[in-house]
Amino acid sequence: MKILVCVKQIIEPVGPITIREDGKWLNQDDALDYRINYYDTYAMEAAVRIKETFSDTLVDAVSVGPADIEPTLRHALALGADNAIHIKTREKDYLPADITGRLIADYVSVNPCDLILAGVMSEDTMQSLTGPVAAAHCGIPCATAATAITVDPVKKTADVVCELEGGINEQIRLGLPALITVQSGINQPRYASLSNRLRAKSQLIEVIDKSDDAAMPGQYQKIRRVFVPEKTAHGEFLEGSSTEKARVLVSRLHERSIL
Amino acid sequence: MPVRTLLIADTLNNAVSAKSFELAGVADSLSPGRPDHAAYILAGDDITGAGQDLAEKTAISAIAFEGKMFRLPDPEALATAICAMPELATARYICFLHTPAGCHAAAKVAAHIDAACISGVANIGFDDDQPVLERSLLNGKVSMKTRPQTEQVVITTMPGAFATPEIADQHARPRVECRTVTVALADSRFHPETVSKAEETDTGLDRASIIVAAGRGIGDEENLALIHSLARTLPNAAVAASRPLCDLKWLSYAHQVGATGKTVSPKLYIACGISGAQQHLQGMQDSQCIVAVNTDPNAAIFSIADYCIVDDLVRFIPEIITAYEALNPDLS
């Protein structure tokens, strides 16, 4: 069985975000850090667990983005991916799922697999679309927000528990090949083993170059403006030592008859 | 006038979700004051009655897809049925709710008509008669305005972002049309089997007037003791958690507040080490008073808090307990 896991390198703000002069994206400065998407680590772990059950499984990780997303693919290798594929774009700014989903589907059309896993969403752009767009363009069924996955490679099925809203679960049987987006908490992602980390450092990453505009799908949306929303905060920032802040807080709440 | 906006209601067991009524607000943003430009779509195996109710309450006509395949939520069959309806060709906007299943069906419809698919839309404006959609990034730290580059657009809208408008024309008689759907399922490889409710353990969250909530920012599992201790000190208080904490199994999912957990509105919500992910805010933003404690002064949770405390929880929580006990000396 062949599993493809879609991983994304996300932006993690570690300081005050500022907007680039052209107003179309963020300043890529010290305020931004980069790492693998939280939800994708659960998808990676789900793939590795399937491989542990069915030993003739191959797990590949794919990521779409510019040259500097390589560390995230190496992280996926360290977490247990056998191979890493980098679909390299020129874009350093916002990549809508319209594009990433189509690029992944293009890859799958020449490199078929039995199961595609992806995080249910990315932490930075929160589109929740890359998996579903890729599935739609691959013409395969899709299940979203999975909290349990059981694969039967002989029958070519996957039994999936999907989380709907409000604590409701739906049990779905998928015929493979299929795509599943993985909800956090489905498993406990393991730490990368030392041997995997060493292998990940030096392993060759397959690069598929899409950095030429002609190689990209058409444009589906255009950013007009990116901005830091005005603070609607009506809240009061309490000042002073911990003791002073606690006293002020309790007396404010007491005045409002809340405490 | 052909239908300009299709609104896809979220249904379960032949009932329409409360959030689906907000789609009427989305339609109003797209064609102000013209509910007749929109049509709801809803699916079930006995859904026409719910369609009637939805149409009456929103003054928007409804198309009810009825068929056995809609007994359980099936975004694949729903998208296939939408792709087959003649109204799709002339619709400019196809709007779903922003849920994983909504995004799933949205992506499938968008692929079929090769339209832009833009999710999590929180506001809609127009510039030169062209729609400009606003959505949030990085947990609300940044917003973006984006312009679809295709004539038709598929969107998913954020719950809570669009209010259901008042009905202007009380005499409007929106049409409700039932269509029996027999999507060819023979070759479908998506089979819903059952729907079940997760096991409930009583966390007291529904009854509590004060909720002390913990997030990933509490750092160590042992710091949960502080959260429990604060909840024990305050009257009628219960403990809640953000999703990442439940993912770590530090607290069970029964304690989870947010989009995929409980929605609460206590008198006082004390968010400890919670960054303020939108999915969490959706579940608690209607609390009467919100106190946020976080070491990151830029945490999104501060944008909705009444009282903001930038501090370390390990230091601060014992201080609140002391201050509260000083106020109520008979308790200590």
Side-chain angles (χ1 to χ4, degrees), chain A residues 11 13 16-17 26 94 97-98 120 124-129 132-133 136-137 141-142 144-145 163-165 167-175 178 181 184-185 219-229 231-233 235-238 242-243 245-247 249-250 252-254 256 258-259, chain B residues 12 72-73 76 99-101 103-104 107-108 111 116-120 132 137-138 140-150 189-198 243-244 246-247 259-260 267-268 278 289 291 298 302-303 305-311 315-316 319-320 322-324 327:
Chain A
I11 298 170
I17 293 170
L26 319 175
Y94 182 64
D98 288 323
V120 66
D124 55 357
T125 64
M126 306 183 292
Q127 297 176 81
S128 306
L129 278 177
V133 170
H137 285 276
C142 172
T144 56
E163 192 178 65
L164 306 182
E165 306 240 294
I168 311 251
N169 293 315
E170 184 172 26
Q171 173 98 31
I172 293 163
R173 173 162 287 187
L174 298 173
T181 74
S184 63
Q219 199 176 31
Y220 289 85
Q221 51 173 302
K222 231 182 196 165
I223 289 192
R224 293 292 304 274
R225 195 160 86 83
V226 171
F227 57 100
V228 175
K231 289 239 188 312
T232 45
E236 179 187 0
F237 274 85
L238 304 183
S242 298
T243 315
K245 281 184 286 200
R247 276 193 200 135
L249 176 67
V250 169
R252 291 272 198 287
L253 295 173
H254 184 65
R256 288 178 59 178
I258 292 169
L259 275 185
Chain B
L12 182 65
L72 297 173
E76 297 264 325
T99 61
C103 289
H104 174 188
K108 205 167 148 83
C117 190
I118 299 172
S119 64
V132 177
L137 306 169
L138 296 164
K141 287 186 174 172
V142 177
S143 290
M144 64 180 270
K145 289 187 174 184
T146 184
R147 180 179 264 185
Q149 300 294 299
T150 52
R189 289 187 285 118
F190 183 97
H191 303 284
E193 301 196 318
T194 54
V195 161
S196 58
K197 188 133 175 72
R243 178 151 195 131
C246 300
D247 290 341
T260 54
K267 201 162 73 172
L268 175 61
Q278 276 171 332
C289 178
V291 172
N298 297 308
F302 288 135
S303 67
D306 296 273
Y307 300 106
C308 312
I309 293 110
V310 181
D311 207 340
R315 231 185 3 242
F316 188 69
E319 295 288 353
I320 315 182
T322 311
Y324 178 73
L327 187 75

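By convention in this document, chain letters (A, B, ...) are assigned in the order of the sequence lines, proteins followed by strands, and residues within each chain are numbered from 1.
Here the shortest heavy-atom pairing between Phe190(B) and Pro141(A) reads CB-CB, 4.2 Å. In terms of heavy atoms, Ala259(B) sits closest to Glu165(A) at O-OE2, 3.8 Å. Minimum interatomic distance between Arg224(A) and Arg147(B) (heavy atoms only, all atoms of both residues): NH1-NH2, 3.2 Å. When all heavy atoms are compared, the tightest approach of Lys141(B) to Val228(A) is O-CG1, 3.7 Å.
Using a 4.5 Å heavy-atom threshold, the side chains of Leu137(B) and Tyr94(A) count as touching. Proximity of Lys108(B) to Val133(A): side-chain heavy atoms (C-beta onward) are nowhere separated by under 4.5 Å. Using a 4.5 Å heavy-atom cutoff, the side chains of Pro16(A) and Asn298(B) are in contact. Proximity of Val142(B) to Phe227(A): side-chain heavy atoms (C-beta onward) are nowhere separated by under 4.5 Å. Between Val226(A) and Ser143(B), every side-chain heavy-atom pair lies at or beyond the 4.5 Å cut-off. Considering only heavy atoms from C-beta on, Thr194(B) stays 4.5 Å or farther from Glu170(A) through its side chain. Residues Arg225(A) and Met144(B) fail the side-chain proximity criterion, which asks for heavy atoms closer than 4.5 Å.
A side-chain donor-acceptor contact under 3.5 Å links Thr146(B) and Gln221(A). Ser242(A) and Asp311(B) share a side-chain donor-acceptor pair at under 3.5 Å.
Under the side-chain contact (heavy atoms from CB on, under 4.5 Å) criterion, Ala145(A) pairs with Val120(A), Glu163(A), Gln183(A), Pro100(B), sequence neighbours left out. The side-chain contact (heavy atoms from CB on, under 4.5 Å) search around Arg247(A) returns Thr243(A), Ala323(B), not counting sequence neighbours.
For the set Leu238(A), Leu164(A), Ile17(A), the count of heavy-atom pairs under 4.5 angstrom toward chain B peaks at Leu238(A). Counting heavy-atom pairs closer than 4.5 Å to chain A, the top-ranked of the candidates Leu12(B), Thr150(B), Leu268(B) is Leu268(B). The candidate from Gly175(A), Cys142(A), Gly185(A) with the greatest count of non-hydrogen atom pairs under 4.5 Å with chain B is Cys142(A). Contacts with chain A were tallied for Gln278(B), Glu76(B), Arg315(B), Arg243(B); Arg243(B) has the most, counting heavy-atom pairs under 4.5 Å.
The parts of Ile11(A) that come within reach of chain B are both its backbone and its side chain, each placing non-hydrogen atoms under 4.5 angstrom from that chain. The contact between Glu193(B) and chain A is made by backbone and side chain atoms together, counting heavy-atom distances below 4.5 Å. Both the backbone and the side chain of Val310(B) come within less than 4.5 Å of a heavy atom in chain A.
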For this session: Take Asp247(B) and Ser184(A) through the side chain to side chain donor-acceptor pair (under 3.5 Å) test and state the conclusion after the steps.
Result: CA-CA 6 Å; Asp247(B) 290 341; Ser184(A) 63; 2.4 Å; yes
For this session: For Tyr307(B) and Phe237(A), run ring pair (Phe, Tyr, Trp, His ring centres under 6.0 Å): C-alpha distance rounded to whole Å, both residues' side-chain angles, the deciding distance at 0.1 Å, then the answer.
Result: CA-CA 6 Å; Tyr307(B) 300 106; Phe237(A) 274 85; over 10 Å; no
Exercise. Would Thr144(A) and Thr99(B) count as a side chain to side chain contact (heavy atoms under 4.5 Å, CB included) if you check the C-alpha gap in whole Å, the side-chain angles of each, and the deciding distance to 0.1 Å?
Worked result: CA-CA 10 Å; Thr144(A) 56; Thr99(B) 61; over 6 Å; no
Exercise. Is there a side chain to side chain contact (heavy atoms under 4.5 Å, CB included) between Val291(B) and Leu249(A) once you walk through the steps?
Worked result: CA-CA 9 Å; Val291(B) 172; Leu249(A) 176 67; 3.8 Å; yes
Exercise. Checking side chain to side chain contact (heavy atoms under 4.5 Å, CB included) for the pair Glu236(A)/Cys308(B): CA distance, chi angles, key distance, verdict?
Worked result: CA-CA 6 Å; Glu236(A) 179 187 0; Cys308(B) 312; over 6 Å; no
Exercise. Are His104(B) and Thr181(A) close enough, and set up right, to give a side chain to side chain contact (heavy atoms under 4.5 Å, CB included), and what steps lead you there?
Worked result: CA-CA 10 Å; His104(B) 174 188; Thr181(A) 74; over 6 Å; no
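Between the Gln171(A) side chain and the Val195(B) main chain, no donor and acceptor come within less than 3.5 Å of each other. A side-chain donor-acceptor contact under 3.5 Å links Asp98(A) to the backbone of Cys117(B). Judged by distance alone, with hydrogens and angles left aside, the side-chain atoms of Lys267(B) form no donor-acceptor pair with the main-chain N or O of Leu259(A) at under 3.5 Å. Proximity of a side-chain donor or acceptor of Ser128(A) to a complementary backbone N or O of Cys103(B) within less than 3.5 Å is not detected.
The structure places NZ of Lys145(B) at 13.0 Å from CD1 of Ile223(A), a figure rounded to the nearest 0.5 Å. In this structure, NZ on Lys245(A) lies 11.0 Å from CD1 on Ile320(B), to the nearest 0.5 angstrom. Interatomic distance, Ile172(A) CD1 to His191(B) NE2, rounded to the nearest 0.5 Å: 11.0 Å.
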